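It should be emphasised that the depicted structure is a prediction, and the values quoted were computed from it without experimental measurement. Protein chains get the first letters and strands the later ones, always in sequence-line order, with residue 1 at the start of each.
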2 protein chains.
Amino acid sequence: MGKNLTKRQKEILRHILTFYEENNYPPSVRDIARLHNCSVKGAYDHILALEKKGFIERAARRSRSIVLTESAKHVLRPASERRIPLIGRIAAGGPILADEHFEEFCDFPLDKWEKDNYRFFALKIEGDSMRDAGILDGDIGIFRYQQSAEPGKIIVALVDSEGTAEKEATVKYYFREGRRNILRAANPAYPDTIVQNLQIQGILRGLVRPQV
Amino acid sequence: MGKNLTKRQKEILRHILTFYEENNYPPSVRDIARLHNCSVKGAYDHILALEKKGFIERAARRSRSIVLTESAKHVLRPASERRIPLIGRIAAGGPILADEHFEEFCDFPLDKWEKDNYRFFALKIEGDSMRDAGILDGDIGIFRYQQSAEPGKIIVALVDSEGTAEKEATVKYYFREGRRNILRAANPAYPDTIVQNLQIQGILRGLVRPQV
DNA sequence: TGCCAAATGAAACGAACGTATACTATAATT
DNA sequence: AATTATAGTATACGTTCGTTTCATTTGGCA
């Protein structure tokens with residue numbers, strides 16, 4: 001997965017999407033050649049390359065059978081615009097919005113809630129430490145990506161996870177006391193956590209509960 | 001517009017939709033003929049008829065250029081099956097799923113959660129009576145429409161609202177005690193409500209919280 | 001019964017389409 | 001310097017596809 005796209009290949013991808021959005025059916029090889037202003041073979045080669053890299057799928061010898069994969073859609077419209085990546089485990093040090101962390105995408109009517117340019121991600125919440133804030137085990141939190149937060153907000157922070165080199169995302173209230181950062185659960189059973197170097201990843205902006 | 005469909009034509013329409021959902025690109029005339037188990041000409045004539053009646057659109061001489069119109073989608077799957085109506089106030093006696101109650105539609109990734117034939121609706125929840133179940137004021141509950149429920153489930157029930165002839169929808173835990181129906185809040189500050197003739201409208205299947 | 005109209009099918013034509021061959025050129029990598 | 005990946009043109013082959021022609025069947029209905 002996650003191979004790199006060349007500039008031309010990305011152009012082709014976008015042409016395919018554009019054609020599809022305008023016509024509601026996929027383009028033929030010649031349609032793509034026309035849009036890209038190149039020869040049929042040129043377009044065809046790009047299609048083969050895009051297929052090999054996993055950005056499109058198609059049926060051999062069938063006309064107009066190109067479909068964009070999730071990766072392609074993700075490349076063409078960044079997470080913030082429409083689809084929210086659901087984050088899995090976070091490797092040490094890496095940025096939270098790297099492709100390798102995306103387990104799947106969480107379709108979400110985001111555009112009705114927010115119209116700005118922030119990027120969002122989703123995180124499955126485990127445990128009942130935020131129970132009293134109405135956030136239960138299994139809920140999917142929708143977070144706006146930002147690296148700082150006002151005290152009192154519910155945030156995602158990265159903390160070291162035992163036994164592995166990976167980090168773990170934890171969801172807590174964020175407070176400050178002097179120079180110390182405090183992570184506080186919304187459940188009196190959990191004690192505060194005090195951390196010096198806090199890696200804030202985002203603040204809670206929404207919630208989805210798959211089942212009740 | 002809105003002409004009538006013959007039985008065969010509706011079958012063809014459904015075949016087109018089925019093919020499209022399975023492949024993500026439209027069928028060719030021969031694909032349709034295969035699905036309908038008829039000749040190419042038979043399928044083609046049906047396509048022409050469907051086009052004349054406004055259920056499909058297509059580009060002449062272009063392969064796989066059939067697209068279903070809104071009318072077709074409406075015929076094939078009524079609104080209630082996919083988009084979730086957001087219910088406003090409920091007039092006295094009327095069924096909860098009447099058009100007049102829909103204030104708007106709540107687009108929701110329903111298909112990933114449920115694959116059955118139930119009908120769903122959404123309801124904005126007011127108050128904090130279900131706070132301890134993680135359902136806060138302003139949350140939008142997603143309910144499966146059904147008129148009975150097992151005890152212990154969170155349901156929507158219709159109760160008389162003071163001063164008006166209208167009914168109000170209330171969300172509570174449902175319990176039984178002998179022949180009496182008990183509506184119980186998930187907040188100790190609220191007392192149980194005991195009702196004799198309970199109008200259950202649906203049970204909670206999901207939740208969306210627009211803002212935190 | 002006989003006739004019309006709608007529905008259906010086999011076959012075929014030509015356009016649209018995927019695919020292949022051959023050749024050129026550029027840039028990055030080995 | 002050789003290799004590989006990318007990008008491109010022009011041309012052509014064979015398949016898929018929309019469309020048409022002609023003939024056949026089917027189902028009312030006068």
Side-chain angles (χ1 to χ4, degrees), chain A residues 1-20 22-69 71-72 75-76, chain B residues 3-20 22-69 72 75:
Chain A
M1 293 303 118
K3 299 262 184 64
N4 289 348
L5 276 173
T6 69
K7 197 172 148 195
R8 299 303 168 112
Q9 287 167 353
K10 193 168 178 181
E11 278 175 37
I12 299 283
L13 262 197
R14 192 163 293 283
H15 284 139
I16 294 174
L17 179 62
T18 303
F19 187 99
Y20 191 87
E22 283 179 4
N23 298 281
N24 276 303
Y25 52 83
S28 68
V29 177
R30 282 166 180 80
D31 289 328
I32 295 173
R34 209 171 304 125
L35 286 171
H36 193 58
N37 203 21
C38 72
S39 69
V40 176
K41 176 64 161 40
Y44 187 57
D45 283 349
H46 279 129
I47 290 171
L48 294 181
L50 286 170
E51 187 184 20
K52 195 154 78 179
K53 289 185 177 179
F55 290 99
I56 61 171
E57 288 172 1
R58 56 191 206 101
R61 272 161 233 286
R62 275 203 174 175
S63 66
R64 303 181 188 277
S65 64
I66 294 177
V67 300
L68 296 181
T69 63
S71 319
V75 167
L76 291 178
Chain B
K3 302 265 184 62
N4 289 348
L5 278 173
T6 69
K7 196 173 152 195
R8 299 298 168 104
Q9 287 166 353
K10 192 167 178 181
E11 278 175 38
I12 299 282
L13 262 195
R14 192 163 292 283
H15 284 138
I16 294 174
L17 179 64
T18 302
F19 187 99
Y20 191 87
E22 282 179 3
N23 298 282
N24 276 304
Y25 51 83
S28 68
V29 176
R30 282 168 180 79
D31 289 328
I32 295 173
R34 209 171 303 125
L35 286 170
H36 195 243
N37 203 21
C38 71
S39 71
V40 176
K41 174 69 160 35
Y44 186 58
D45 285 348
H46 279 128
I47 289 171
L48 294 181
L50 286 170
E51 188 184 20
K52 197 154 78 178
K53 290 185 179 180
F55 290 100
I56 62 173
E57 289 172 1
R58 56 190 206 104
R61 272 161 233 284
R62 277 202 174 176
S63 66
R64 302 182 188 275
S65 64
I66 294 176
V67 300
L68 297 180
T69 62
V75 167

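One atom, CD1 of A:Ile32, and another, P of C:dA16, lie 17 Å apart when rounded to the nearest Å. Taking atom CG of residue B:Asp31 and atom C1' of nucleotide C:dC17, one finds them 14 Å apart after rounding to whole Å.
Scored by the side chain to side chain donor-acceptor pair (under 3.5 Å) test, A:Glu51 finds A:Arg58 as partners (sequence neighbours excluded). For the ring-ring contact (aromatic ring centres under 6.0 Å, His included) test, residues two or more places apart in sequence or in another chain that qualify with B:His15 are B:His36. Shown here are the side chain to side chain donor-acceptor pair (under 3.5 Å) partners of A:Arg34, two or more places apart in sequence or in another chain: A:Asp31. With sequence neighbours left out, the side chain to side chain donor-acceptor pair (under 3.5 Å) criterion links A:Ser65 to no other residue. In this view, B:Lys41 and B:Asp45 satisfy the side chain to side chain donor-acceptor pair (under 3.5 Å) rule, not counting sequence neighbours. Under the rule for a side-chain contact (heavy atoms from CB on, under 4.5 Å), the partners of B:Val29 that lie at least two apart in sequence or sit in another chain are B:Val40, B:Ala43, B:Tyr44, B:Ile47. A search for ring-ring contact (aromatic ring centres under 6.0 Å, His included) contacts involving B:Tyr25 returns B:Phe19, not counting sequence neighbours. With sequence neighbours excluded, the residues forming a side-chain contact (heavy atoms from CB on, under 4.5 Å) with B:Asn24 are A:Val67, listed by chain and number.
Between B:Leu50 atom CG and B:Ile66 atom CD1 the span is 8.5 Å, to the nearest 0.5 Å. Interatomic distance, CG of B:Leu13 versus CD of B:Glu11, reported as 10.5 Å (0.5 Å rounding). Atom-to-atom distance recorded for B:Ile12:CD1 and B:Lys10:NZ is 14.0 Å, nearest 0.5 angstrom.
A residue-by-residue look at B:Arg62 and B:Arg8 shows that B:Arg8 has its nearest nucleotide of DNA chain C further toward the 5' end.
At least one side-chain heavy atom of A:Thr6 sits less than 4.5 Å from a side-chain heavy atom of A:Lys53. Residues A:Asn23 and B:Arg62 have side chains in contact (heavy-atom distance under 4.5 Å, counting atoms from C-beta outward).
Listed by residue number, the members of residues 22-30 of chain B with any heavy atom below 4.0 angstrom from DNA chain C are B:Arg30. The stretch residues 33-49 of chain B touches DNA chain C through B:Cys38, B:Ser39, B:Lys41, B:Asp45, B:His46, each having a heavy atom under 4.0 angstrom from the strand.
From the 5' end on, the contacts that DNA chain D makes with chain B at under 4.0 Å to a non-hydrogen atom open and close at D:dC17 to D:dT21.
Between the axis at the start and the axis at the end of the helix from C:dT1-D:dA30 to C:dT30-D:dA1 there is an angle of 30°, using five pairs per end and rounding to 10 degrees.
Here B:Arg61 does not reach the OP1 or OP2 of C:dC17: none of its side-chain N or O atoms lies under 4.0 Å away.
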